[in-house]
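Throughout, numbering of the chain's residues begins at 1 and tracks the sequence. First listed ligand is number 1; within each ligand, the first listed atom is number 1.
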Amino acid sequence: MHPKRAAITGVGGFVPDYILTNKELETMVDTTDEWIFTRTGIRERRILKDPGKGASDMVVPAVLELLEKTSHTPADIDLLICATVTADRVFPDTANTVCDKIGAENAFGYDINAACSGFLFALYTGAQFVANGTYRKVVVAGVDKMSSILDYTDRATCVIFGDGAGAVLLEAADDDTGIRDAVLKGDGNGRHFLHMKAGGSVKPPTLDTVLAREHFVYQEGKTVFKYAVKGMVDTVTEVLSRNGLPPADVSWIVPHQANMRIITSVAEMLDFPMEKVMTNIERYGNTTAGTLPLCMWDYEKRLRKGDWIVLTAFGGGFTWGSLLLKWAYDG
Ligand code: COA
């Protein structure tokens with residue numbers, strides 16, 4: 001008898017309608033479509049333009065689609081975990097706002113902030129509640145409205161990111177599918193290379209912080225790039241080897257969509273074919289906590305029950321890790 005495991009039993013997603021192309025960015029900052037595409041693999045990204053709308057407004061349609069696809073109602077949800085660095089507000093959390101907006105009257109929720117690794121960390125957290133029998137139906141969402149924290153005069157950061165949300169349902173598996181293991185890592189010293197300078201308790205917002213443009217993403221791209229490749233390669237290798245799974249048996253790697261060159265470097269170092277690596281960075285850019293569920297949303301139809309899948313991510317913190325699962329249904 002295998003131990004009880006949490007399995008992903010459905011995926012929902014949402015991206016805003018507005019498409020910000022590299023061509024349009026050429027009119028905003030000193031850049032070119034050619035530079036952006038060759039250095040990052042991104043051609044366009046989605047932007048949530050509607051005034052007064054935030055992260056929860058992208059999670060709501062993603063979760064509603066998820067519930068419809070899996071024949072559930074909002075009242076079926078026990079717990080909703082939302083991974084994000086661009087919550088609707090500093091407080092309260094976004095998860096409970098989503099529960100209120102969709103009428104998930106039996107659910108409680110909370111947010112997890114682990115930047116681009118947020119969905120991975122939230123997924124493994126949610127899986128524990130299902131595996132130990134505490135809750136039966138757990139929704140894990142990853143969302144970011146990166147356009148709300150980007151400086152559209154800084155060409156080094158504004159071309160990379162986009163907005164979007166994805167969500168999965170976790171339920172107990174009654175077979176050998178589900179989430180098997182995860183290697184999750186953190187190194188707080190990485191905070192120096194990727195952060196927002198003001199707006200938190202260390203440096204609350206003032207007129208000066210706004211004028212100094214300190215409420216935007218600050219990134220030392222080259223350093224992040226280097227650590228991202230190493231972090232993802234090391235943890236994919238560790239999670240596979242400690243589960244005795246040869247890379248050739250893995251059907252899909254789902255990497256965080258930070259930069260196409262990071263993704264191809266990871267695949268090359270793992271000697272893993274790119275045909276089995278999920279990518280959608282060309283259309284969405286880096287949606288931070290949204291990338292992993294949005295990849296599964298895009299590729300769902302191609303997934304088969306029993307497929308071995310490795311999710312891997314790297315992000316601000318630094319945070320990083322890899323999670324191994326056996327897919328639970330035919331997409
Ligand atoms: N358009 C044109 N030129 C640009 C540019 C843009 N959008 N952004 C930077 N440049 C310029 C730089 O000014 C620099 O010019 P210089 O040589 O005259 O000084 C040159 O391009 C190279 O800049 P550099 O920062 O060294 O480029 P890079 O190859 O490292 O690519 C990133 C920059 C940000 C795309 C890359 O470092 C990266 O993707 N890092 C990881 C980012 C990430 O994944 N973050 C999310 C968290 S996981």
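Each of the atoms 35 (C), 36 (C), 38 (C), 39 (O) of ligand 1 lies under 4.0 Å from some heavy atom of Asn259. Contact atoms of ligand 1 toward Ile160: 34 (C) (distance under 4.0 Å to a heavy atom of the residue). Which parts of ligand 1 touch Val159 is read off a 4.0 Å heavy-atom cut-off, strictly below it: atoms 7 (N). Near Leu194, meaning under 4.0 Å from one of its heavy atoms, ligand 1 places the atoms 47 (C). Per-residue contacts place Asn286 under 4.0 angstrom from the following atoms of ligand 1 (heavy atoms of the residue considered): 46 (C). Ligand-side atoms of ligand 1 in range of Thr40: 35 (C), range being under 4.0 angstrom from any heavy atom. The distance from ligand 1 to the heavy atoms of Phe314 drops below 4.0 Å at these ligand atoms: 48 (S). Taking every heavy atom of Gly221 and a limit of under 4.0 angstrom, the matching atoms of ligand 1 come to 37 (O), 40 (N), 41 (C).
Partner of Lys305 under the salt bridge (Lys or Arg N to Asp or Glu O under 4.0 Å) criterion, chosen from Asp330, Asp176, Asp175: Asp175. Partner of Ser56 under the side chain to side chain donor-acceptor pair (under 3.5 Å) criterion, chosen from Thr84, Asp88, Asp93: Asp88. Test Lys137, Arg136, Lys4 against Glu171 for salt bridge (Lys or Arg N to Asp or Glu O under 4.0 Å) and you get one pass: Lys137.
Looking only at protein heavy atoms, the nearest one to atom 25 (O) of ligand 1 is Lys222 CG, 4.7 Å. The protein atom (non-hydrogen) at minimum distance from atom 1 (N) of ligand 1 is Thr31 OG1, 2.6 Å. Distance from atom 33 (C) of ligand 1 to its nearest protein heavy atom, with residue and atom name: Trp35 CH2, 4.0 Å. Nearest non-hydrogen protein atom to atom 44 (O) of ligand 1 is Ala258 CB, 3.0 Å.
Protein heavy atoms all stay at least 4.0 Å away from atom 14 (C) of ligand 1. Not a single protein heavy atom sits closer than 4.0 Å to atom 23 (O) of ligand 1. For atom 8 (N) of ligand 1, the protein comes within 4.0 Å by at least one heavy atom. For atom 19 (O) of ligand 1, the nearest protein heavy atom is 4.0 Å or more away. For atom 37 (O) of ligand 1, a protein non-hydrogen atom is found at a distance below 4.0 Å. Taking a distance limit of 4.0 Å, we find that atom 5 (C) of ligand 1 is approached by some protein heavy atom.
Considering backbone and side-chain atoms alike, His256 places every N or O at 3.5 Å or more from each N or O of ligand 1. Residue Thr32 places no N or O, backbone or side chain, under 3.5 Å from any N or O of ligand 1.
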Run the side-chain contact (heavy atoms from CB on, under 4.5 Å) check on Met296 and Trp327 step by step: do they pass? CA-CA 11 Å; Met296 290 188 283; Trp327 194 251; 3.9 Å; yes

Worked verdict on Arg180 versus Trp308 for side-chain contact (heavy atoms from CB on, under 4.5 Å): CA-CA 10 Å; Arg180 292 299 178 99; Trp308 283 111; 3.6 Å; yes

Going through the checks in order, is the side-chain contact (heavy atoms from CB on, under 4.5 Å) test met by Thr27 and Glu24? CA-CA 5 Å; Thr27 69; Glu24 186 176 350; 4.2 Å; yes

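Salt bridge status for Arg283 with Asp298: present, with a side-chain N to carboxylate O gap under 4.0 Å. Ionic pairing of Lys101 and Asp57 is present here: one or more N-O contacts between side-chain nitrogen and carboxylate oxygen are shorter than 4.0 angstrom.
Between Trp320 and Asp187, the closest side-chain pair of non-hydrogen atoms falls below 4.5 Å. Using a 4.5 Å heavy-atom threshold, the side chains of Met146 and Asp163 count as touching. Within the 4.5 Å cutoff, the side chain of Arg45 has heavy atoms near those of the Asn22 side chain.
Looking at Gln257, Gln219, Arg261, Glu34 and measuring to atom 45 (N) of ligand 1, the nearest heavy atom belongs to Gln219. Remark: among candidates Glu26, Arg39, Arg155, the nearest residue to atom 29 (O) of ligand 1 is Arg39, based on non-hydrogen atoms.
Between the side chains of Thr209 and His215, a donor-acceptor pair is found at a separation under 3.5 Å. No hydrogens or angles considered: nothing links the side chains of Glu282 and Tyr284 as a donor-acceptor pair under 3.5 Å.
Between Tyr227 and Phe318, the ring-plane angle classifies as tilted under the 30° and 60° cut-offs.
Distances from ligand 1 to the non-hydrogen atoms of Ala156 include at least one value under 4.0 Å. Under the 4.0 angstrom criterion for non-hydrogen atoms, Ile262 is in contact with ligand 1.
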